[in-house]
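Structure first, commentary second.
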Amino acid sequence: MSVSKLILEDGSVYYGYPFGHQKSVAGEVVFNTGMVGYPESLTDPSYKGQILVFTYPLIGNYGMPDFSRRDGILNFYESDNAKVQGLIVSEYSLNNDHRSAEQSLDDWLKSQEIPGIYGVDTRSLTKKLRDRGAMLGKIIYMDNDPGFYNPNKENLAVFVSIKDPVFYEAGRKKRIALLDCGCKNGIIRSLLNRGVSILRVPWDYDVSNEKFDGLLVSNGPGDPEMYKQTIYNVRKIIERNLPILGICLGNQILALAAGADTYKLKFGHRSQNQPCLEVGSKHCYTTSQNHGYAVSAESLQQGWVPWYSNLNDGTNEGIRHIAKPFYGVQFHPEASPGPTDTSFIFDQFIGILDG
């Protein structure tokens, strides 16, 4: 059996066996501590440019779910195709068994041209990434070395955002403009399930001339400071005092548009088990997250306050304005994969639109 290897920028080498599409790739190596949800994670646009390490030891046991659609979007995936650069797992399940499985993970990765390695000591690898922080890395297959690649040095939105506006009609009269910086399908499903119509537009689209009741700035990959046009456009909506909700990267963009700063986390938050405390209360929620940057709470301008904080490391998990309808959360209220503890964030936002 052939052998592949993962090489980190510090010179560390991890050996394993190839599966999926057999080729060499490079990117930023990060880890996810979720026990389930690999189809959603692998198609999450926020992973663009990254080699993903799953800490849960067994991956692939329930295959890949069906490719059915509702309202034009896939029901069980967060975008139409894989967004990761590559996949690292401890044990790949050669057999999958689930009533909704239509394909094995191995076959799906081949169709998406995404390489994987199994048999890697992911516990040791994750400990290194926790100690050293997220690092650049490359999967080497058949000695073909692609060189290192840093996805944070470019604007990844151009690879994951839609190219032209799309409108989703729903039952309510309220309309949300959705700035797609790499939007997960779960956000769209959550809004449509609540009867809100959506005008989904590209990341750099000027929505100021469109008709809508509130703006939602989506998740997305990479450094938020790369989204300069998005930040400029959001600032114009702030000046109009229209309701705004930022999710994940959208939280960071909202903060930057309001004059605050962001910074890169050591190894990021990527899991479905992050505890977040609502500031000023004793309410704690288990949240789903996927981000490598955070808002500097100390840099918030007058009128802005922290909304949530992470109980693991104390980092900011949300911001809000004390007098105006501007809100942002670093976690994912659509939680795809779960948990759904914070889905009420959508209800609160729609309640603001209804006045």
Test log, rule side-chain contact (heavy atoms from CB on, under 4.5 Å), inputs E91 and I59: CA-CA 6 Å; E91 182 178 351; I59 299 295; over 6 Å; no

Counterpart residues, ring-ring contact (aromatic ring centres under 6.0 Å, His included), relative to F346 (two or more places apart): none

In terms of side-chain heavy atoms, does Q289 have a donor or acceptor partner in E317 at a distance below 3.5 Å? yes

One should read off an interatomic distance between R240 CZ and R235 CZ, to the nearest 0.5 angstrom, of 16.0 Å

Set of side chain to side chain contact (heavy atoms under 4.5 Å, CB included) partners for V305, sequence neighbours left out: R320, I322

Within the 3.5 Å criterion, strictly below it, is a donor on S336 or E334 matched to an acceptor on the partner's side chain? no

With no hydrogens and no angle check, is any side-chain donor or acceptor of H321 less than 3.5 Å from a backbone partner on K324? yes

Who pairs with N251 by side chain to side chain donor-acceptor pair (under 3.5 Å), at least two apart in sequence or on another chain? Q330

Ignoring hydrogens and geometry, is there a side-chain-to-backbone donor-acceptor pair from D44 to E40 under 3.5 Å? no

Charged N to carboxylate O below 4.0 Å: is that the case for K264 and D223? no

Centre-to-centre under 6.0 Å for Y38 and Y62, is that the case here? yes

Pair H291, N219: side-chain N/O donor-acceptor within cut-off below 3.5 Å: no

Any idea which heavy atoms bring V217 and V234 closest together, and the distance? CG2-CG2, 3.9 Å

Scan side-chain atoms only and decide if Y149 and E154 contain a donor-acceptor pair under the 3.5 Å cut-off. yes

Is T262 reaching over with its side chain to a backbone N or O of A294, donor-acceptor style, under 3.5 angstrom? no

Parallel, tilted or perpendicular for Y308 and F331, by the 30°/60° rule? perpendicular

Should we count CG of D97 as having more than 12 external heavy atoms under 6.0 Å? no

Check: S12 side chain, L8 main-chain N or O, donor-acceptor pair, under 3.5 Å: no

Single-linkage hydrophobic cluster, 4.5 Å side-chain cutoff, Y47 and L105 together: yes

Look only at the side chain of S343 and the backbone of T340, and say whether a donor-acceptor pair between them is shorter than 3.5 Å. yes

Taking side-chain hydrogen bond (donor to acceptor under 3.5 Å, both in side chains) as the criterion, tell me which of N290, N312, D313, N32 meets it with H269. D313

Return the set of residues passing side chain to side chain donor-acceptor pair (under 3.5 Å) with S100 (not counting sequence neighbours), or none when no residue passes. H98

For the CE atom on M226, are there more than 12 heavy atoms of other groups (residues, nucleotides or ligands in this structure) within a distance under 6.0 Å? yes

Give the intermediate values and the outcome of side-chain contact (heavy atoms from CB on, under 4.5 Å) for residues F54 and L42. CA-CA 10 Å; F54 280 121; L42 293 171; 4.2 Å; yes

Ignoring hydrogens, what is the shortest heavy-atom contact between T33 and T55? Give both atom names and the distance. CA-OG1, 3.1 Å

Side chains of S190 and N193: donor-acceptor distance under 3.5 Å anywhere? no

Enter the distance from N150:CG to E9:CD here, rounded to the nearest 0.5 Å. 8.0 Å

Does A157 offer a backbone N or O that forms a donor-acceptor pair with the side chain of S161 under 3.5 Å? no

So NZ of K127 and CG of L129: to nearest 0.5 Å the spacing works out to 12.5 Å

Validation row, ring centre Y293 to ring centre Y263 under 6.0 Å: no

On a heavy-atom basis, the closest approach of G86 and I114 is CA-CG2, 3.9 Å

Is S104 reaching over with its side chain to a backbone N or O of D107, donor-acceptor style, under 3.5 angstrom? yes

Kindly assign one of parallel, tilted or perpendicular to the pair Y327 and W307, based on the angle between their ring planes and the thresholds 30° and 60°. tilted

Considering only residues two or more places apart or on different chains, which pairs with a residue in residues 193-220 satisfy salt bridge (charged side-chain N to carboxylate O under 4.0 Å, His left out)? D180-R200, R194-D347, D206-K236

Would a distance-only check, ignoring hydrogens and angles, find a side-chain to backbone donor-acceptor pair under 3.5 Å from K163 to V158? yes

Hey, does the side chain of S299 reach the backbone of V295 with a donor-acceptor pair shorter than 3.5 angstrom? no

Kindly state each residue pair satisfying salt bridge (charged side-chain N to carboxylate O under 4.0 Å, His left out) with at least one member in residues 64-90, sequence neighbours excluded. R69-D80, E78-R189

Can you tell me if NZ on K266 sees more than 12 non-hydrogen neighbours from other groups inside 6.0 Å? yes

Any donor-acceptor N/O pair, T286 side chain to N273 backbone, under 3.5 Å: no

Is the distance between the ring centroids of Y77 and F67 under 6.0 Å? yes

With no hydrogens and no angle check, just 3.5 Å: does a side-chain donor-acceptor pair link S24 and K138? no

Taking the cut-offs as 6.0 angstrom to the six-membered ring centre and 45 degrees off its axis, would you call K48 and F159 a cation-pi pair? yes

Y285 vs F344, ring pair (Phe, Tyr, Trp, His ring centres under 6.0 Å): CA-CA, chis, key distance, verdict: CA-CA 11 Å; Y285 303 94; F344 64 86; 5.1 Å; yes

Side-chain H-bond candidate by donor/acceptor type, Q112 with N81, under 3.5 Å: no

Heavy atoms of P306 and V279 approach each other most closely as O-CB, 3.7 Å

Here the gap from I176 atom CD1 to I188 atom CD1, rounded to the nearest 0.5 Å, amounts to 11.5 Å

Looking at K110 and D106, is there a salt bridge between them, counting it only when a charged N and a carboxylate O are closer than 4.0 Å? yes

Atom of V120, atom of G16 and distance for their closest heavy-atom approach: CG2-CA, 4.2 Å

Which heavy atom of A26 sits nearest to which heavy atom of Q85, and what is that distance? O-NE2, 2.9 Å

